[in-house]
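Only one structure is covered here, and it is reproduced in the block below.
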Amino acid sequence: MNRLKKSGEKADIILVDEGHLLLTRPDTYNNFTDNNQLEEIKKLAKNVVVVYDESQVLKLKSFWKEATLEALLHQSDYEKYELKNQFRMRANEEVIEWIDHFKNKKISPIPNDKEYELTIFDSLQKMHKAIFEKNNDGLSRVASTFDYLHKKDGGIYYITEDKGNYKIPWNITDGKYTWAEKDSTIEEAGSIYTIQGFDLNYVGVILGPSITYDKQS
């Protein structure tokens, strides 16, 4: 973006994957000083193609709402296409529906699927042990929601659960290798950034304090 602005050029096409991660406010870390990245990208291209998923908005500096997106779209001619299938899960419709319900804060009975194993654990230690065992048969790792302290200062930070009796270190990355491909990372918990893109046989997902369950409601 900065290069195009500097040269005064306009690209024929700019393709943005994961458009929900575009910034919606200034961010000096990413050398962005304007208010909305998509708005600025539109000024730099004759055509813009954006892949967007409202369920994957992750942080306040990329805080997209439907109204925000629609307002930008209506500033110019546009066409919208719905992606209905992604071949990422070898699961039947019942399992996919259960996950969709869970995402929308609705708990339903766990479905049966001979091809897809879905298990709920009440203990991080039990889940981690199960992932260790699964890893003997194919690449398996633990991942977690971003609810636990993690700094990029070279230190080791832990996810502690089971009433303080069990902990697992956050992914330790040094940029020299791809996280899940290193054998020792079976000991760690990956994040959305280090686990993304891997075809895992099994993944154990730690649901942190931001996700709660009220039995009464």
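- Between Val203 and Val142, every side-chain heavy-atom pair lies at or beyond the 4.5 Å cut-off.
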- Which is it for Ile110 and Ile120 under the side-chain contact (heavy atoms from CB on, under 4.5 Å) test, yes or no, and what are the steps along the way? CA-CA 9 Å; Ile110 296 176; Ile120 306 296; 3.4 Å; yes
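- Contact between Ala91 and Ile96 at its shortest, heavy atoms only, is O-CD1, 3.9 Å.
- With contacts defined as side-chain heavy-atom distances shorter than 4.5 Å, the pair Glu115/Asn92 does not qualify.
- The two residues Leu118 and Pro111 make their nearest non-hydrogen contact at CD2-CD, 4.3 Å.
- For residues 98-108, the set of pairs meeting the side-chain hydrogen bond (donor to acceptor under 3.5 Å, both in side chains) definition, not counting sequence neighbours, comprises Ser55-Lys103.
- The two residues Gly190 and Thr194 come nearest to each other via the heavy atoms CA-OG1, 3.5 Å.
- Residue pairs that meet the salt bridge (Lys or Arg N to Asp or Glu O under 4.0 Å) test with at least one member in residues 5-14, sequence neighbours left out, are Arg3-Glu9, Lys5-Asp34, Lys5-Glu40, Asp12-Lys46.
- Asn36 and Thr24 share no donor-acceptor pair across their side chains, judged by distance under 3.5 Å alone.
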- Stepwise, does the side-chain contact (heavy atoms from CB on, under 4.5 Å) test hold for Val49 with Ile14? CA-CA 6 Å; Val49 180; Ile14 292 181; over 6 Å; no
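- In this structure the side chain of Trp170 never reaches within 4.5 angstrom of the side chain of Tyr158, judged on heavy atoms.
- Pairs engaging residues 159-169 under the salt bridge (Lys or Arg N to Asp or Glu O under 4.0 Å) rule: none recorded [sequence neighbours left out].
- Within 6.0 Å of CD in Gln75 there are more than 12 heavy atoms belonging to other residues, nucleotides or ligands.
- Under the 4.5 Å side-chain contact rule for hydrophobic residues, Ile99 and Tyr213 share a cluster.
- Listed by first then second residue, pairs satisfying salt bridge (Lys or Arg N to Asp or Glu O under 4.0 Å) with a partner in residues 72-81 read Glu70-Lys80, not counting sequence neighbours.
- Remark: the Asn112 side chain and the Tyr116 side chain contain no N/O donor-acceptor pair separated by less than 3.5 Å.
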- CA sep, side-chain torsions, deciding dist, call: Arg25, Asn35, side-chain contact (heavy atoms from CB on, under 4.5 Å): CA-CA 4 Å; Arg25 68 183 190 187; Asn35 293 314; 5.8 Å; no
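- Interatomic distance, Asn136 CG to Glu133 CD, rounded to the nearest 0.5 Å: 7.5 Å.
- Under the 4.5 Å side-chain criterion, counting only non-hydrogen atoms from C-beta, Ile206 is in contact with Ile159.
- Using a 4.5 Å heavy-atom threshold, the side chains of Phe102 and Leu207 count as touching.
- Nearest heavy-atom pair across Asn171 and Ser191 is OD1-N, 2.9 Å.
- Looking at Asn30 and Leu23, their side chains come closer than 4.5 Å, going by heavy atoms from C-beta outward.
- Side-chain contact between Arg141 and Trp179: present, with at least one pair of heavy atoms (C-beta onward) separated by less than 4.5 Å.
- Here the OH atom belonging to Tyr52 is positioned 10.5 Å from the CG atom belonging to Leu21, to the nearest 0.5 angstrom.
- Taking the side chain to side chain contact (heavy atoms under 4.5 Å, CB included) definition, one finds that Phe132 meets it with His128, Ile186, Glu187, sequence neighbours left out.
- A distance of 11.5 Å separates CG of Asn47 from CG of Leu15, quoted to the nearest 0.5 Å.
- Side-chain contact check for Thr33 versus Thr28: every heavy-atom pair is 4.5 Å or farther apart.
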- Item | Derivation of the side-chain contact (heavy atoms from CB on, under 4.5 Å) call for Leu200 and Ile195 | CA-CA 9 Å; Leu200 298 173; Ile195 204 71; 3.6 Å; yes
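- Remark: side-chain polar atoms of Ser140 are not paired, donor with acceptor, to backbone N or O of Ile131 under 3.5 angstrom.
- Using a distance-only test at 3.5 Å, with no hydrogens or angles considered, no donor-acceptor pair links the side chain of Thr178 to the main chain of Glu181.
- For Lys134, the salt bridge (Lys or Arg N to Asp or Glu O under 4.0 Å) partners two or more places apart in sequence, or in a different chain, are Glu117.
- Taken from NZ in Lys151 to CD1 in Ile156, the straight-line distance is 15.0 Å, to the nearest 0.5 Å.
- Of all heavy-atom pairs between Pro209 and Asp147, the closest is CD-CB, 3.3 Å.
- Within the model, atoms OH of Tyr166 and CE of Met127 stand 9.5 Å from one another, a figure rounded to the nearest 0.5 Å.
- A pairwise comparison of heavy atoms in Val48 and Leu38 identifies CG1-CD1, 4.3 Å as the closest pair.
- With hydrogens and angles ignored, the 3.5 Å screen pairs no side-chain donor or acceptor of Ser144 with any backbone N or O of Ala189.
- One hydrophobic cluster, built from ILVMFWY side chains closer than 4.5 Å, cannot hold both Leu72 and Val51; they sit in different ones.
- If you chain together hydrophobic residues whose side chains sit under 4.5 Å apart, Tyr81 and Val16 never meet in one group.
- Atom CZ in Phe32 sits 8.5 Å away from atom CG in Leu22 (nearest 0.5 Å).
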